[in-house]
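Okay, structure first, notes after.
Just so you know, these numbers come straight off a predicted model, no measurement behind them. Just follow the structure's listing: the first ligand is 1, and inside any ligand the first atom is 1.
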Amino acid sequence: MTTPRHFLTGDELSVSEQARLLTLAHDIKARPERYRRRLEGRTLAMIFQKKSTRTRVSFEAGMFQLGGHALFLGADDIQIGRGETISDTARVLSRYVDLIMARVYAHADVEELAATSRVPVINGLSDLHHPCQVLADLQTMAERFGSLHGRRLAYIGDGNNMAHSLLLGCARAGMSVSVATPSGYECQAAIVGRARALASAFGQTIVTSHDPAATVKGADAVYTDVWASMGQEDEHARRLRDFAGFQVDAALMAHAQPDAIFLHCLPAHRGEEVSAEVCDGPQSVIFDEAENRLHAQKALLLLLLEEVDS
Ligand code: CP
Ligand code: NVA
């Protein structure tokens with residue numbers, strides 16, 4: 001049995017594979033009919049420990065559009081909810097389906113799925129990474145910028161799963177990334193270090209600070225995410241206080257390039273991490289990003305199953 005290709009952090013893709021995936025995503029968006037039967041007879045199992053709109057619907061619609069089928073498995077509806085182990089679940093599911101996607105709390109859960117699955121496992125968000133979102137973000141930036149090389153993304157807010165995946169994905173695309181978080185909410189040092197190694201190969205930089213205005217200065221893209229992620233609802237009031245001064249509003253956007261774009265993975269909390277004026281303003285590309293989840297993930301599904309033109 002050959003080892004399946006997984007997608008847990010994005011680091012599974014080489015620089016050239018990620019670029020190839022983005023080229024394929026552009027073609028899928030332009031000519032979806034070309035790919036209509038590519039996954040005929042294939043099934044994707046989707047395990048969700050947390051809520052989702054975009055991930056659930058874009059994967060399900062994407063599989064359907066490729067000629068395949070997707071199964072929604074809420075963690076409380078399958079035996080995981082009654083204590084069946086992750087590894088037994090992976091062993092069983094991979095006897096039935098061709099791919100597994102999972103949205104989990106602990107990143108170790110997707111690693112355990114991957115360790116025992118016979119089929120590719122995709123991380124549909126864990127507490128540490130959200131690599132599928134970044135594929136769509138890169139596709140969206142490439143649509144606006146043409147080449148991604150040498151562009152700079154400024155991320156403002158929590159050093160969370162989104163920040164980690166943007167660091168890795170943007171660096172792998174030859175971009176620079178600047179991150180501003182409040183003190184105590186920094187990104188994991190090992191992930192910053194890995195991004196630095198990827199970026200330096202392109203002569204690009206990774207900078208972290210606690211200063212939103214300095215971070216946004218001259219940026220081509222400004223990104224933020226919720227201050228309290230799924231599972232952190234109890235910390236919401238404390239985080240509102242700790243993140244004061246980190247809202248992406250028009251005054252902060254004014255430090256970026258005049259034609260800079262605003263990105264957000266969604267769902268957004270207008271009035272918290274972003275003002276309504278920026279979120280719904282002319283620089284915002286948030287709904288293109290949401291749409292591109294569909295195209296980028298169709299490319300990912302084809303790549304993991306090696307159903308791509310050589
Ligand atoms: N951005 C994102 O992953 O959205 P959902 O939580 O709705 O899937
Ligand atoms: N950081 C957010 C992303 C949601 C798509 C969360 O984990 O809830």
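The ligand atoms of ligand 2 that sit less than 4.0 angstrom from a heavy atom of Asp225 are 1 (N), 2 (C), 3 (C). Atoms of ligand 2 lying under 4.0 Å from any heavy atom of Asn160, numbered from 1 in the order shown and given with element: 1 (N). Atom numbering of ligand 1 starts at 1 in the shown order; those under 4.0 Å from a heavy atom of Leu266 are 1 (N), 2 (C), 4 (O). Close approach of ligand 1 to Thr53 (heavy-atom distance below 4.0 Å) involves ligand atoms 5 (P), 7 (O), 8 (O). Taking a cut-off of under 4.0 Å to the non-hydrogen atoms of Leu266, the atoms of ligand 2 that pass are 5 (C). Heavy-atom contacts of Leu125 reach the following atoms of ligand 2: 3 (C), 4 (C), 5 (C), 7 (O) (cutoff under 4.0 Å). When each atom of ligand 2 is checked for a heavy atom of Asn161 under 4.0 Å away, the hits are 1 (N), 2 (C), 6 (C), 7 (O).
Taking hydrophobic clusters as Ile, Leu, Val, Met, Phe, Trp and Tyr residues chained together by side-chain heavy-atom distances below 4.5 Å, Leu153 shares a cluster with Leu148. When the side chains of ILVMFWY residues are joined at heavy-atom separations under 4.5 Å, either directly or via intervening members, Leu303 and Ile28 end up in a single hydrophobic cluster.
Under the 4.0 Å criterion applied to side-chain N and carboxylate O atoms, Asp127 and Lys50 are assigned as salt-bridge partners. Under a 4.0 Å N-O distance rule, the pair Asp88/Arg91 qualifies as a salt bridge.
Within the 4.0 Å heavy-atom shell around ligand 2 one does not find Thr55. Ligand 1 is never approached by Arg56 to a heavy-atom distance shorter than 4.0 Å. In this structure, Arg103 is part of the shell of residues with a heavy atom less than 4.0 angstrom from ligand 1. For Leu125, the heavy-atom gap to ligand 1 stays at 4.0 angstrom or more.
Under 3.5 Å, the side chains of Ser58 and Gln297 contain a donor-acceptor pair of N or O atoms.
A heavy-atom distance below 4.5 Å is found between the side chains of Met101 and Leu44.
The aromatic rings of Phe243 and Trp227 sit parallel, their planes meeting at an angle under 30°, below the 60° perpendicular limit.
Among the atoms of Met230, none of the N or O lies under 3.5 angstrom from an N or O of ligand 1. Checked by distance only, ligand 2 and Ser229 come closer than 3.5 Å through their nitrogen or oxygen atoms. Residue Met230 has at least one nitrogen or oxygen atom sitting less than 3.5 Å from a nitrogen or oxygen atom of ligand 2, judged on distance alone.
In this structure, of His130, Arg54, Lys51, the residue bringing a heavy atom nearest to atom 3 (O) of ligand 1 is His130.
More than 12 non-hydrogen atoms from other residues, nucleotides or ligands lie less than 6.0 angstrom from OH of Tyr105.
Of the protein's non-hydrogen atoms, the one nearest atom 2 (C) of ligand 1 is Arg293 NH1, 3.3 Å.
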Hey, mind stepping through Arg95 and Arg118 against side chain to side chain contact (heavy atoms under 4.5 Å, CB included) and telling me if it holds?
CA-CA 8 Å; Arg95 302 284 178 114; Arg118 289 180 172 188; 3.4 Å; yes
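Asn292 pairs with exactly one of Glu143, Gln133, Met141 by the side chain to side chain contact (heavy atoms under 4.5 Å, CB included) rule, that one being Glu143.
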